[in-house]
K.L.:
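Dropping the structure in here first, questions after.
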Amino acid sequence: MRAVVMVSGGGTNLQAILDAVRDGKITNTEICGVISNRTDAYALERAKKAGIPAVCVSRKAYATRAEFETALLAAVDSLKPDLIVLAGFLVIIPAEMIRRYERRIINIHPSLIPSFCGDGFYGLHVHEQVLARGVKVTGATVHYVDEGTDTGPILLQKAVAVEPNDTPEVLQRRVMEQAEWIILPQVIDAIANGRVSKDSNGNWFVTM
Ligand code: GAR
């Protein structure tokens, strides 16, 4: 399976994927490219260090949103992916891309969907809202991407405890360590090895 990873930031989830491929925890998978929308994303460095082709498609380089989306889709198409992994990619995915790659795009979100998701819930903001509401359990979700924001079918979730006196940064790190960096590689390996299926309720499940 050829997988493309799309990123906007530090790329710790990308790193978890690269490490899992290296360690044989993800099999039957070649990370064939990394696409960033930000020139300054440290994720691009991580890709280069791993010897993986990395490109940047920045909104700022295009006059219109439509031209940006065309360029983004062309970059994806050129890599001929079987799977597209959104690993902290903070751009709304063009509708045309969702149609073309139906059930071939997955996203990692840093909460237990349907809590703390949707418009405006990304990165540190998610953890700020979790602390503001005072919930005691949060976590991460890997889901298929559809045309909504964080509305696609859920594949795998993992819960993480909120501790007294957490800061958004401390909680973000715990959610990454205890959930994101574990379940995202697990789902990629499951997809690559045919261990994702629908049950009698019409829900998607990953078997380990
Ligand atoms: C991760 O926490 C990811 O779950 C989140 O952005 C962070 C990227 O970190 N994604 C979203 O909020 C999507 N709505 P990383 O660049 O170190 O992997």
Side-chain angles (χ1 to χ4, degrees), residues 3-21 26 31 33-50 52 54-59 72 83-94 97-98 105-133 135 137-162 166-188:
V4 169
V5 184
M6 301 182 74
V7 294
S8 297
T12 64
N13 278 286
L14 168 66
Q15 193 65 55
I17 295 166
L18 296 175
D19 292 352
V21 170
I26 296 176
I31 307 303
V34 170
I35 299 174
S36 170
N37 67 307
R38 293 184 60 115
T39 47
D40 59 350
Y42 185 65
L44 288 169
E45 285 301 313
R46 295 181 191 272
K48 274 181 208 137
K49 279 185 191 146
I52 290 162
V55 293
C56 178
V57 182
S58 167
R59 170 69 184 83
L72 194 62
L83 181 70
I84 298 165
V85 181
L86 308 183
F89 187 62
L90 304 180
V91 169
I92 303 292
I93 300 300
M97 182 166 149
I98 291 165
I105 311 177
I106 61 171
N107 179 51
I108 177 89
H109 182 77
S111 76
L112 293 175
I113 291 174
S115 288
F116 305 103
C117 63
D119 290 343
F121 285 93
Y122 61 91
L124 215 48
H125 299 304
V126 175
H127 307 291
E128 287 165 2
Q129 293 301 315
V130 164
L131 294 176
R133 187 61 186 85
V135 297
V137 178
T138 183
T141 303
V142 179
H143 63 94
Y144 280 126
V145 173
D146 67 8
E147 48 297 321
T149 305
D150 303 327
T151 53
I154 292 170
L155 288 162
L156 194 59
Q157 296 186 298
K158 194 165 188 293
V160 174
V162 180
D166 269 348
T167 63
E169 290 80 6
V170 165
L171 182 58
Q172 179 181 52
R173 182 77 190 180
R174 188 180 311 119
V175 169
M176 285 175 157
E177 283 177 355
Q178 296 184 6
E180 295 187 48
W181 301 340
I182 298 167
I183 64 174
L184 186 54
Q186 281 178 335
V187 171
I188 296 169

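Just so it is clear, the values below take in all heavy atoms, side chains as well, and ignore hydrogens, waters and symmetry mates. Computed from a predicted structure; not experimentally measured. Just follow the structure's listing: the first ligand is 1, and inside any ligand the first atom is 1.
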K.L.:
Please evaluate residues W181 and D19 with respect to the criterion side chain to side chain contact (heavy atoms under 4.5 Å, CB included), reporting the C-alpha separation (whole Å), side-chain torsions for both, the decisive distance (0.1 Å), and the verdict.
P.N.:
CA-CA 10 Å; W181 301 340; D19 292 352; over 6 Å; no
K.L.:
Is it the case that the side chain of Q157 and the backbone of I113 share a donor-acceptor pair, with hydrogens and angles ignored and the cut-off at 3.5 Å?
P.N.:
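Side chain of Q157 to backbone of I113: a pair is present.
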K.L.:
What does the list of residues with a heavy atom under 4.0 Å from ligand 1 look like, ordered by chain and number?
P.N.:
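Heavy-atom contacts below 4.0 Å: G9, G10, G11, T12, N13, G88, L90, I108, H109, P110, F121, Y122, G123, M176, E180.
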K.L.:
Report yes or no: does S36 contribute a side-chain atom to a donor-acceptor pair with the main-chain N or O of L44 at less than 3.5 Å?
P.N.:
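Side chain of S36 to backbone of L44, a donor-acceptor pair under 3.5 Å: no, none is there.
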K.L.:
Is it true that a side-chain atom of T141 and a backbone atom of S111 form a donor plus acceptor pair closer than 3.5 Å?
P.N.:
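Flag set: sc T141 to bb S111 pair under 3.5 Å.
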K.L.:
Would you say the side chain of L72 lies within less than 4.5 Å of the side chain of P94, judging by non-hydrogen atoms?
P.N.:
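Yes, their side chains come closer than 4.5 Å.
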K.L.:
Do H127 side-chain atoms and V170 backbone N/O form a donor-acceptor pair below 3.5 Å?
P.N.:
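The answer is no, because no donor-acceptor pair under 3.5 Å joins these two groups.
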